Amino acid sequence: MTAQAADTGWLRNAQNSHAEVRLRSASFNDKQQLLLDIRLQPGWKTYWRTPGEGGVAPEIRWQTPEVNARWFWPAPERFDVSGLTTQGYKGDITLPIELATLSSQRLAGTLTLSTCSDVCILTDFPFSLDLTRPADVNFARDYAEAMGQIPAAGGLTDRLDASFVNGELQIRAQRQDGWQKPALFFDYPPGSMLAAPSISVSGDTLSARVAVTDEWGEAAPDLRGKTLSLVVADGGIAQQSSVTIGAESLVSGGAASTLWSVVLLALLGGLILNLMPCVLPVLAIKLSSLVQQQGQTQRQTRQQFLASSAGIIFSFLLLALLMTGLRLSGQALGWGIQFQSSGFLLVMVLVMFLFSASLFDLLHFRLPSGLNTTLATRGSDGLLGHFGQGAFATLLATPCSAPFLGTAVAYALTAPLPQLWLLFVALGVGMSLPWLLVAALPGMARCLPRPGRWMVHLRSVLGLFMLLATFWLVTLLIPHWGATFALMLALTLLVVLCIWLVKQQALQQAGVVLITLTLAGALFLMTRIEPEEDSLHWLPLTEAALNQALEQDKRVFIDVTADWCITCKVNKSRVLNQPDVRAALKADDVVLLRGDWTQPDAAIGEFLRRRDRVAIPFNQIYGPALPQGQILSPLLTREAVISTLSEAKK
């Protein structure tokens, strides 16, 4: 039986050892004041009056009749729980409650409290307060301190506006003193759900964009003319505001400006894709094509490079078609996801092997009778072969994420379908710019030395590069079909190629191929074995693991990688495996979370989409000083990793 007093003492429930509550009460100026103290263990949280996409706000079911309660809510924090954005509190929190004068001398009810960590628990705490008993001697001070945490009606912003444009909520706030670390928390308008805001600051002006959907995650309801209740917080100050939602764009530039800026990013991303490490086989195709330009007219050179550019752009249109189909079917979207398919990888292995054979002058394609033949060189007088080279270059480039590329692709995959197609065309044009440059200035192709025996040696070197890329693709089949199958396939291809070369009396080439692939295989095995003392302790990447680390005031380094991502391998070799970076990552307060996207994983795809990313490598650093996380460039640098880790520390 619950004891009656002006202070319930700390109440506990055997079903929830992670939370305890206390209620205290006193009468003041014809009002009954009530303090609800909540104490949560580390890693646990409860909710604000508007919980967000998940959770339940604290609620009291009163047993005392005619209770009219007014709750006051301190400014909350924003959390991610199981992939859902929520608003609430952690640690110790006190909620003031004001009651109208009661005729009863007893106040009783049941508090229902929702607490969450990896799981959520809904707990009931029955209570009873004897209002004739004296309050705690510290009650008045505690009540005043708790009310001091409640957002004021003004004093933070000089002007606040909200607008609803093209399914997006836009907010603009001005503050003469400027902004430090602003945050926005929303009471959702009826029938709507608001995502976490994307905030930018320019001088004394804060601008925010907020994605809006209905309660089922479908198209946003029209919010124009409705009232938005929100809390604006910055630097320990919070303001409760209400504003009528208008219809005029508040974010400078508007949607059209944003689209064209992303188009520019797509052009740059496509252009830089030519320089990424995974495009080495593409370089072989380009150089091989240039070698064949000797003795041709400028018109022929222009036609061939225009055909290659058309092949690149056509391939990006096919990718846009693939992404459109996946979106309409509700499947996962991402850049390079075709490399998660074992069937695609096997076809690519065979095509690459045949292309290598052609560069070793073992195989000659004469007729464009199928897909594989069109992907190889048919000769200087056939434009279809050059078209296939461009298409093949695009396929080989997709395991890479270049700077600007991830932003452009992420925007495209969430934009309306016409914009998706526009941005993929821009990516194709960007990647084909070097080819278009040669088409515009065909004399550039004549800068190579005069034809001679060097061309034969160059073709052999390019064939060796292509062969190494072929066996790299074979290793990507290991997660799908096992190491035994991959080893047998690699040995079969090697034996076939060596026998082929021996029959053509190319004994020297056969020896070079055998030695090179043997050394490459040994190097591959060495990289798979990491000394125990040098290994980093990676944990599986989940939102729950991230939240738990942040609750413990840890710094978090996130790495999303895949076996088929060459840029990821370069980042690991050039940056993550360097002694100073490893020392920083091994710090006691650093938690390492890694997601492996070698094979399809819906959880990793959702993790990336929540951060507006669809391409890897993806690296992000969180910490007490970076609660929202900072995303690093796809091409890591030692300085960026170490400095951002240092910045994340409290």
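Position 1 is the first residue of the sequence; numbering continues from there. On a predicted model such as this, the values are computed, not experimentally measured, just so you know.
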**Message:** Using only atom types and a distance under 3.5 Å, with no angle test, would you say the side chain of Arg49 pairs donor to acceptor with the backbone of Trp71?
**Reply:** no
**ring pair (Phe, Tyr, Trp, His ring centres under 6.0 Å): pairs with one or both residues in residues 631-650, sequence neighbours excluded** = none
**N/O donor-acceptor pair under 3.5 Å between Thr110 side chain and Asp124 backbone** = no
**Request:** State whether a side-chain donor-acceptor pair under 3.5 Å links Gln240 with Ser229.
**Result:** yes
**Message:** So for atom CZ, which belongs to Arg224, do other residues, nucleotides or ligands contribute more than 12 heavy atoms lying within a distance under 6.0 Å?
**Reply:** no
**Asked** How long is the span from the CH2 atom in Trp44 to the OG atom in Ser117, to the nearest 0.5 Å?
**Response** 5.0 Å
**Prompt:** Between Lys45 and Glu551, is the closest basic N to carboxylate O distance under 4.0 Å?
**Reply:** yes
**Message:** Whether the side chain of Asn16 engages the backbone of Ile121 through a donor-acceptor N/O pair (distance < 3.5 Å, no angle test) should be reported.
**Reply:** no
**Message:** For the backbone of Thr227 and the side chain of Thr244, can you confirm whether one donor and one acceptor N or O come within less than 3.5 Å of each other?
**Reply:** no
**Those residues that, when tested against Tyr188, pass side chain to side chain contact (heavy atoms under 4.5 Å, CB included) (two or more places apart)** = Thr50, Phe186, Ser192, Met193, Leu194
**Message:** Between Ser643 and Glu639 (side chain of the first, backbone of the second, donor and acceptor by atom type, cut-off under 3.5 Å), is there such a pair?
**Reply:** yes
**Item:** Main-chain N/O of Ala545 paired with Thr542 side-chain donor or acceptor, under 3.5 Å
**Value:** yes
**Asked** Residues in ring-ring contact (aromatic ring centres under 6.0 Å, His included) with Trp179, at least two apart?
**Response** none
**Fill in**
Paired with Gln620, the side chain to side chain contact (heavy atoms under 4.5 Å, CB included) test is passed by just one of Ile631, Asp559, Leu593, Leu632, namely Ile631
**Asked** Does Arg555 come within less than 4.0 Å of Asp589, counting only side-chain N to carboxylate O?
**Response** yes
**Request:** State whether the side chain of Asp37 and the backbone N or O of Thr94 hold a donor-acceptor pair below 3.5 Å, judged by distance alone.
**Result:** no
**NZ/NE/NH1/NH2 to OD/OE distance under 4.0 Å, Asp580 and Arg638** = yes
**Prompt:** From Ile93 CD1 over to Leu36 CG, what is the distance, rounded to the nearest 0.5 angstrom?
**Reply:** 9.5 Å
**Request:** Measure from the side-chain N and O atoms of Thr46 to the backbone N and O of Ser114, and report whether any donor-acceptor pair falls under 3.5 Å.
**Result:** yes
**Item:** Gln32 versus Ser25, side-chain donor and acceptor atoms under 3.5 Å
**Value:** yes
**Message:** Among Ile60, Ile97, Leu107, Asp7, which residue satisfies the side chain to side chain contact (heavy atoms under 4.5 Å, CB included) criterion with Leu23?
**Reply:** Ile60
**Message:** Check this for me, if you would: do Asp130 and Arg106 make a salt bridge, where the nitrogen-to-carboxylate-oxygen distance has to be below 4.0 angstrom?
**Reply:** no
**Prompt:** Looking at Trp10, is Arg39 sitting on its ring face, NZ or CZ under 6.0 Å from the six-membered ring centre and within 45 degrees of the normal?
**Reply:** yes
Got a list of side-chain donor-acceptor pairs under 3.5 Å for residues 148-161, not counting sequence neighbours?
residue: Thr157; atom: OG1; partner: Gln239; partner atom: OE1; Å: 3.4
residue: Thr157; atom: OG1; partner: Gln239; partner atom: NE2; Å: 2.8
residue: Asp158; atom: OD2; partner: Gln176; partner atom: N; Å: 2.6
residue: Arg159; atom: NE; partner: Asp161; partner atom: OD2; Å: 2.9

**Prompt:** So how far is it from Lys181 NZ to Leu626 CG, rounded to the nearest 0.5 Å?
**Reply:** 7.0 Å
**Side chains of Arg61 and Thr112, donor plus acceptor under 3.5 Å** = yes
Could you tabulate the donor-acceptor pairs under 3.5 Å formed by side-chain atoms of residues 138-145, not counting sequence neighbours?
residue: Asp142; atom: OD2; partner: Arg24; partner atom: NH1; Å: 2.7
residue: Asp142; atom: OD2; partner: Arg24; partner atom: NH2; Å: 3.4

**Message:** Does the plane of the ring in Tyr89 sit parallel, tilted or perpendicular to the ring in Trp73? Use 30° and 60° as the thresholds.
**Reply:** parallel
**Request:** State which residues pass ring-ring contact (aromatic ring centres under 6.0 Å, His included) with Trp62; sequence neighbours excluded, sorted by chain then number.
**Result:** none
**Prompt:** For the atom pair CZ (Phe28) and CD (Glu98), what is the distance rounded to the nearest 0.5 Å?
**Reply:** 10.5 Å
**Prompt:** Can any side-chain N or O of Thr86 pair as donor or acceptor with the backbone N or O of Phe79 at less than 3.5 Å?
**Reply:** yes
